[in-house]
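To start, the structure itself, in structure tokens.
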Amino acid sequence: MSDELQHFSMGTWIIGLAAVTSFIGVFVGIASARKAVTAPNPSQRYLWLAWGALSIGGIGAWLPHYIAMVGFEVYGSVVRYDVLWIVISFAVPVAAAAVALLIISPPPTKHRLPSATVEIGRLAGGAVLLGIGFTGMDLAIVASLEIQGSVNSDILLTSASAVIGLVVGAGIMWSISALESRTLRLVASVVVAAGLVAMHYTGVFGLSAAVDQAVARPDGLEVFSILFPVFVLGMLVVTIPITALLMAPDRVAAELELEADMLAAESLAAETQGRELELQ
């Protein structure tokens, strides 16, 4: 057995594609979560939250991590990926994002009007949960690696990656709850996407491999066998909330229209009451 360091070929196109994919997922996820706050009924609210969780956890976080794994190599061994751990690595951030969005976007009640502003406790809870989900995703991705030998993690860089994930989670929750401007949400999504890519590379640079040529070659999936179909499907899926968001009426216009309808109804009621008094 010999100790072999992992090699990471960071082509510009790999980093760029990972960052752009993360940006698309995060921005659509934030917009979907904000749309859920003003949804007219519970079914539409949960649908928007589901799109938000899939966009943030799946397309914004998970997919860029596997795009970045295209450059991951181990000297002296082929690299394959275990299917079960791949599924777990996808399910963890999506589930965490779903619960975090439910926490930060509670349903409106008679005593609580729909609002993008949430209590600090909800914001902190959602951020921590999302950060844990991102860290769990990273650990599951490492567990999915199959080589002729074993893969080990540096505790300091793994911890640093987890801290970045927590900060990114807080940024996403804050963007959903506090940023009213679309321009500011665009900027925030760029920063969050950069953070997610940095989180991945920080964790991966902490990996080392112990290669043993006596171990049989792994028979898991190649990275492109995972990446190509999932990338195409992910980009097709994300077009659905994008289209719905573009077709949805502007929030301000909708509120003004509702207010106008209420004034018209009050005017009609007053006119009807006046006629009844005249008849009396």
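Any value given below was found using the heavy atoms of this structure, including those in side chains, with hydrogens, waters and symmetry copies removed.
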#### Entry: Heavy-atom check, side chain of Leu145 versus side chain of Leu207, under 4.5 Å
yes

## Note on the structure
What one should report as the nearest heavy-atom pair of Tyr66 and Ile86 is OH-CG1, 3.5 Å

### Message
Please determine whether side-chain contact (heavy atoms from CB on, under 4.5 Å) holds for the pair Lys35 and Trp51, giving the CA-CA distance in whole Å, both sets of side-chain angles, and the decisive distance to 0.1 Å.
### Response
CA-CA 10 Å; Lys35 189 65 183 174; Trp51 283 125; over 6 Å; no

### Task
Each residue besides Leu156 in its hydrophobic cluster should be listed here, by chain and number; the cluster joins Ile, Leu, Val, Met, Phe, Trp and Tyr at side-chain heavy-atom distances under 4.5 Å.
Ile155

#### Entry: Step-by-step side-chain contact (heavy atoms from CB on, under 4.5 Å) determination, Thr135 to Met199
CA-CA 9 Å; Thr135 301; Met199 175 188 179; 4.2 Å; yes

### Message
Would you say that Thr202 contacts Thr158 through its side chain, given a criterion of any heavy-atom pair below 4.5 Å between the two side chains?
### Response
no

### Query
Quick one: side chain to side chain contact (heavy atoms under 4.5 Å, CB included) partners of Val78, sequence neighbours excluded?
Arg80, Arg217, Pro218

### Task
State whether the side chain of His65 and the backbone N or O of Ala61 hold a donor-acceptor pair below 3.5 Å, judged by distance alone.
yes

Determine all donor-acceptor pairs shorter than 3.5 Å in which one atom belongs to a side chain in residues 16-31; sequence neighbours excluded.
| unit_1 | atom_1 | unit_2 | atom_2 | d |
| --- | --- | --- | --- | --- |
| Thr21 | OG1 | Leu17 | O | 2.7 |
| Ser22 | OG | Gly60 | O | 2.7 |

### Task
Answer yes or no: is there a side-chain heavy-atom contact under 4.5 Å between Val79 and Glu146?
no

#### Entry: Ile172 vs Phe134, side-chain contact (heavy atoms from CB on, under 4.5 Å): CA-CA, chis, key distance, verdict
CA-CA 12 Å; Ile172 293 173; Phe134 291 156; 4.0 Å; yes

### Query
Got a donor-acceptor contact below 3.5 angstrom from the Arg122 side chain to the Ile104 backbone?
no

## Note on the structure
Closest heavy-atom pair, Ser89 versus Ile141, reported as atoms and distance to 0.1 Å, is CB-CG1, 3.8 Å

### Query
Which residue pairs pass the side chain to side chain donor-acceptor pair (under 3.5 Å) test with at least one member in residues 161-172, sequence neighbours excluded?
Asp138-Ser161

### Task
Give, for atom CE of Met173 and atom CG of Leu129, the distance between the pair rounded to the nearest 0.5 Å.
8.5 Å

### Message
Within the 4.5 Å heavy-atom criterion, are Val87 and Phe90 side-chain neighbours or not?
### Response
no

### Query
If you measure from CD1 on Ile67 to CE on Met69, what distance do you get to the nearest 0.5 Å?
12.5 Å

### Message
Test question: given the 4.5 Å side-chain rule for I, L, V, M, F, W and Y, name all other residues clustered with Leu179, or answer none.
### Response
Trp174, Leu184

### Summary
Scanning both residues in full, the closest heavy-atom pair of Ile59 with Leu63 reads O-CB, 3.9 Å

For residues 94-102, which side-chain donor-acceptor pairs fall under 3.5 Å, sequence neighbours excluded?
none

